[in-house]
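Have a look at the structure below before the remarks.
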There are 2 protein chains.
Amino acid sequence: MSTGRFTPETTRLDDAARAGWLYYVAGNTQDEIARKLGVSRQSAQRLVAMAVSERLVKVRLDHPIGRCMDLAATLCDRFPLTTCEVVPSDPGAPELLTGIAIAAAALLEKTLRAPEPRIIAMGTGRALRATVEQLSRMECPQHKIVSLLGNVMSDGSATPYNAVIPMADRVGARHYPVPLPVLARDAEELRALHAQEPVRNSLALCAEADLTMVGVGQMDMSAPVLVDGFLRPAEMAELRAAGAAGEITSWVFDDRGHVIDCAHNRRVASAPLPRAADRPVIAVAVGESKIKAIRAALTGHLVNGLITNELTAERLIALP
Amino acid sequence: MSTGRFTPETTRLDDAARAGWLYYVAGNTQDEIARKLGVSRQSAQRLVAMAVSERLVKVRLDHPIGRCMDLAATLCDRFPLTTCEVVPSDPGAPELLTGIAIAAAALLEKTLRAPEPRIIAMGTGRALRATVEQLSRMECPQHKIVSLLGNVMSDGSATPYNAVIPMADRVGARHYPVPLPVLARDAEELRALHAQEPVRNSLALCAEADLTMVGVGQMDMSAPVLVDGFLRPAEMAELRAAGAAGEITSWVFDDRGHVIDCAHNRRVASAPLPRAADRPVIAVAVGESKIKAIRAALTGHLVNGLITNELTAERLIALP
DNA sequence: ATGCCCAATGGGCATTTGCTTAGTCAGTGG
DNA sequence: CCACTGACTAAGCAAATGCCCATTGGGCAT
């Protein structure tokens, strides 16, 4: 395009946006778009695809699917929740994260659009990672994004499902990766780590976060903490014997949602869970295997909000 | 079913919403949806279509261009326009010409790239001058560029915002500068001028132009015609008293877009305006002060295309 | 019971879309 | 100077989609 000579990057995205609008809003065919934009059909198709992949087009379903609304209402009723969102399940792939990721991203964006500075605290995990991938690019340097837990594994490598760094990148906010391991070697080392100035800063930010978003981990042999190597099978077995039902930012809790007093939790370097907080603390989780963990977290008021899907919600309600 | 009461309507809409969700959010194909919902593919397609037609799926474009496209669509809807382009305003300099100049230049280049000979008729003014400056250099001797109005001021000097000569220079096309003043001394002189062979040629070319591009002048004390000395303040006052709302290539029209029958217009030497033409006649204009003039030109179908910016488009739509 | 009406259904077909291959062209750097 | 890169276009194909139309079957009046 002729206008390309000024800001190739911007212009390309602009054209993608134009193509996306013509396609999704005006209902043009890609051929028409190609003609209107003066490019080949293939380019038009690329532009439309780019508008989607760059998350320029947001599809929202403006119909409360009766089922989902009922489930959300029931969950709010049964557990101490202030917000609850249930998205439809894909019957073929009920553990698909896309749906809850979109819902969670919409929630994050609502906070991020605020002109006043906000603090958003994030956990880690696949669900949050998927959430971040659904965020639009935006420019909000006024906000701070802080990690609830360290991103260093015991062997010194970075954790795989860190969400804070890509999130800060996408939305142009400042971020505070905590220079901490997930687990300290012992209580002694933990004290030393927490005494560091940057760590104390981060923890202080977490404590006053306007929005906290976390994943929920189950405590069985398919647990993320196990798969990702934070725990050895023997430790897992030990924790389960001690009544462990789930974990949030590595804090292991029992089936009533009480953080267990045990050796493991004494080594957890993560920010303390803001129990029964007045500000939103949202769990983002789906899956058959996580149901007990989610229920425990809700019961114990470790979170006050939940984003999940239809199937998981059904199972949560079906529990005795 | 989700609810105890049996409401076929609701259920059907719910299914539509579900199908829409699976299609647009989860990215299923209609075949998969059909399988998952246990209906035929055709029914799935009907459900998806219903989700759209019932406005259950809302598509939003998360990009500044989205708003511009919306505004353009509204303008096309409200006025008899076949093409309309709205470019983002620079919030700091909402009257900046660069944006619309780039858009207008892109439009010109699309025509200029045609291998068949084309005739492009150009008006004058700052906007068109800025447009020409955005044109890439190219070599298209097959086209003809003709001026809609003379480039000689009453004192014999050339008009400052001529666009045809630099345009022809940039794109390597033949051009037809009209050896005419902007205003004849009187109707008598006008007849004599228009009787000249080269003038008649030019006017004939204007009449069959494939693309006509003009600026729009307001009729107030900041008007270009006044600033550039084509009109004296007294004449301007007179015209305004006669209901003048704007001018295009010196033809002064009222707020319904009718060229006023007055002494001034009887002296105008410019090519006649191709009212309600079948070929594109594009106005290129921005600015708070031009809004009434633009609206009049659109209403009266003096042009069938508009290139403007976001702020001006908003104001045009906000007018009663 | 019979026939009719109408909405919903699914088959079939033309169009649209996503993607691949091959070729072109401008800019880049050795 | 030329090979290389990257991005584009053209052509074409298989899958996905949109839509027409004949069919079905339930509800309703006769």
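The analysis underlying the following values was restricted to heavy atoms, covering all of them including side chains, and did not include hydrogens, waters or symmetry mates.
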*Protein-nucleotide distance (Glu32(B), atom CD; dA15(D), atom P), rounded to Å*: 14 Å
*For atom OH of Tyr24(A) and atom C1' of dT17(C), their distance in whole Å*: 11 Å
*Please give the nucleotide sitting opposite dT30(D) as a Watson-Crick or G-U wobble pair, both distances under 3.5 Å, or none.*
dA1(C)
*asked:* So, taking the atom named NE2 in His175(A) and the one named CE in Met167(A), what distance separates them when rounded to the nearest 0.5 Å?
replied: 11.5 Å
Report yes if a side-chain nitrogen or oxygen of [X] is closer than 4.0 Å to either non-bridging phosphate oxygen (OP1 or OP2) of [N]; otherwise report no.
| X | N | value |
| --- | --- | --- |
| Arg41(B) | dA15(D) | no |
| Tyr23(A) | dT16(C) | no |
| Thr29(A) | dT17(C) | yes |
| Gln42(B) | dG18(D) | no |
| Gln45(B) | dG18(D) | yes |

_Backbone N/O of Val87(A) and side chain of Asn309(A): donor-acceptor pair under 3.5 Å_ = no
*Do any N or O atoms from the side chain of Thr312(A) and from the backbone of Gly287(A) form a donor-acceptor pair under 3.5 angstrom?*
yes
*Looking only at side-chain atoms of Arg12(A), point me to the closest of dT17(C), dC8(D), dT17(D).*
dC8(D)
_Check ion pair Arg67(A)-Asp14(B) (N to O, under 4.0 angstrom)_ = no
